[in-house]
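Note that this is a predicted model, so its numbers are computed, not measured.
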Amino acid sequence: MSTTTVIVQNAGNTGLAAIKALGALGGCAVRVASRDPAKLRERLAGEAGATSAEVFQTGDPAMFTGGDRFICIAPGGTPEPETRVSAAVDFLASAKAAGIKHGAVLSVVVAEGRRGLFGRQWGEIEDAATTAEMTAVSVRAPMFLSNLWGDVAGVKSHDTFYAPVGGDTKLLSAAAADVGE
């Protein structure tokens with residue numbers, strides 16, 4: 001039985017869920033990078049299905065050597081908004097240079113029309129993943145329920161949920177862990 005080596009861009013909530021799902025699936029060797037590999041190894045050690053993931057230092061090109069597939073998950077919280085685009089495009093360029101031809105990109109629903117900041121950013125990432133040398137499936141997820149935790153203070157202090165949309169607007173949402181799986 002052959003093993004497929006999957007390179008996962010990061011191990012945040014969605015990446016961790018993907019790593020666990022791949023571990024449960026079997027037949028996959030998973031590699032992931034971190035700015036602090038020791039801390040990530042410690043975190044993965046407590047996660048069923050994720051314990052066998054191989055952790056590399058961010059920027060180590062060896063992570064891509066012999067890879068078969070990629071999962072591009074642009075980092076969410078970055079000091080500058082454009083950093084997430086360059087981090088994802090650099091990841092994709094490294095995958096391409098290593099000869100990895102297929103993968104998935106975690107994207108957002110608004111990438112369809114390149115609407116707003118997120119639409120433009122993830123649209124650029126999708127474009128970078130779909131070239132003559134690579135193919136990628138874009139998983140266009142709605143906003144994550146976990147992002148709502150940022151509104152806890154407003155709800156506690158004013159008994160009100162504030163959002164940049166009308167109160168009667170229906171919104172799609174998903175759990176980061178469900179999208180990763």
Side-chain angles (χ1 to χ4, degrees), residues 1-78 83-109 111-112 121-142 144-146 174-181:
M1 182 157 108
S2 65
T3 299
T4 300
T5 301
V6 181
I7 314 302
V8 179
Q9 186 171 11
N10 78 54
N13 291 334
T14 306
L16 180 58
I19 291 166
K20 290 165 56 174
L22 290 167
L25 181 66
C28 293
V30 178
R31 297 180 187 164
V32 63
S34 175
R35 291 179 306 235
D36 187 345
K39 185 176 178 181
L40 180 55
R41 283 186 197 99
E42 185 177 304
R43 180 179 182 200
L44 294 176
E47 297 287 344
T51 57
S52 63
E54 189 175 2
V55 180
F56 289 78
Q57 177 70 44
T58 297
D60 184 350
M63 179 174 85
F64 294 91
T65 304
D68 299 302
R69 302 284 188 268
F70 64 83
I71 300 176
C72 176
I73 304 172
T78 56
T83 305
R84 75 172 57 95
V85 175
S86 61
V89 170
D90 290 348
F91 173 86
L92 292 165
S94 294
K96 179 180 169 182
I100 301 172
K101 298 191 180 304
H102 308 288
V105 173
L106 177 61
S107 189
V108 295
V109 173
E112 174 74 24
Q121 288 181 335
W122 268 268
E124 186 177 336
I125 294 166
E126 287 182 13
D127 292 345
T130 307
T131 67
E133 299 84 17
M134 293 171 66
T135 59
V137 172
S138 293
V139 178
R140 290 185 172 159
F144 294 146
L145 292 170
S146 52
D178 291 340
V179 172
E181 188 175 321

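Summarising the geometry of Thr3 relative to Ala29, their closest heavy-atom pair is CG2-N, 3.5 Å, with the distance given to 0.1 Å. Among all heavy-atom pairs drawn from Gly67 and Ile100, the shortest one is O-CG1, 3.4 Å.
Under the rule for a salt bridge (charged side-chain N to carboxylate O under 4.0 Å, His left out), the partners of Arg31 that lie at least two apart in sequence or sit in another chain are Glu54. Every side chain to side chain contact (heavy atoms under 4.5 Å, CB included) that Ala88 has, sequence neighbours left out, goes to Gln9, Cys72, Ala74, Ile125. With sequence neighbours excluded, no residue satisfies salt bridge (charged side-chain N to carboxylate O under 4.0 Å, His left out) with Asp36.
Judged by distance alone, the side chain of Thr130 and the main-chain N or O of Asp127 form no donor-acceptor pair under 3.5 Å. At distances below 3.5 Å, at least one donor-acceptor pair connects side-chain atoms of Thr58 with backbone N or O atoms of Ser34. Using a distance-only test at 3.5 Å, with no hydrogens or angles considered, a donor-acceptor pair links the side chain of Arg43 to the main chain of Ala11.
A 4.5 Å side-chain heavy-atom check between Ile7 and Phe91 finds at least one atom pair inside the cut-off. At least one side-chain heavy atom of Ile73 sits less than 4.5 Å from a side-chain heavy atom of Asn10. Taking 4.5 Å as the limit, some side-chain heavy atom of Thr4 sits within range of a side-chain heavy atom of Arg69. Taking 4.5 Å as the limit, some side-chain heavy atom of Val6 sits within range of a side-chain heavy atom of Ile71. Residues Leu40 and Val32 have side chains in contact (heavy-atom distance under 4.5 Å, counting atoms from C-beta outward).
For residues 13-60, no residue pair satisfies the ring-ring contact (aromatic ring centres under 6.0 Å, His included) rule, not counting sequence neighbours. Counting only residues at least two apart or in different chains, salt bridge (charged side-chain N to carboxylate O under 4.0 Å, His left out) contacts with residues 20-29 comprise Lys20-Glu47.
Here Thr5 contributes atom OG1 and Leu22 contributes atom CG; the two are 11.0 Å apart, rounded to the nearest 0.5 Å. The structure places CG of Asp60 at 8.0 Å from CD of Gln57, a figure rounded to the nearest 0.5 Å. A distance of 9.0 Å separates CD of Gln121 from OG1 of Thr83, quoted to the nearest 0.5 Å.
No close placement of the Phe64 and Phe70 rings is indicated, their centers lying 6.0 Å or farther apart.
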Taking only distance into account, with no hydrogens and no angle test, what donor-acceptor pairs under 3.5 Å do side-chain atoms of residues 101-108 form with protein atoms, sequence neighbours excluded?
unit_1 : atom_1 : unit_2 : atom_2 : d
His102 : ND1    : Thr135 : OG1    : 2.6
Ser107 : OG     : Glu126 : OE2    : 2.5

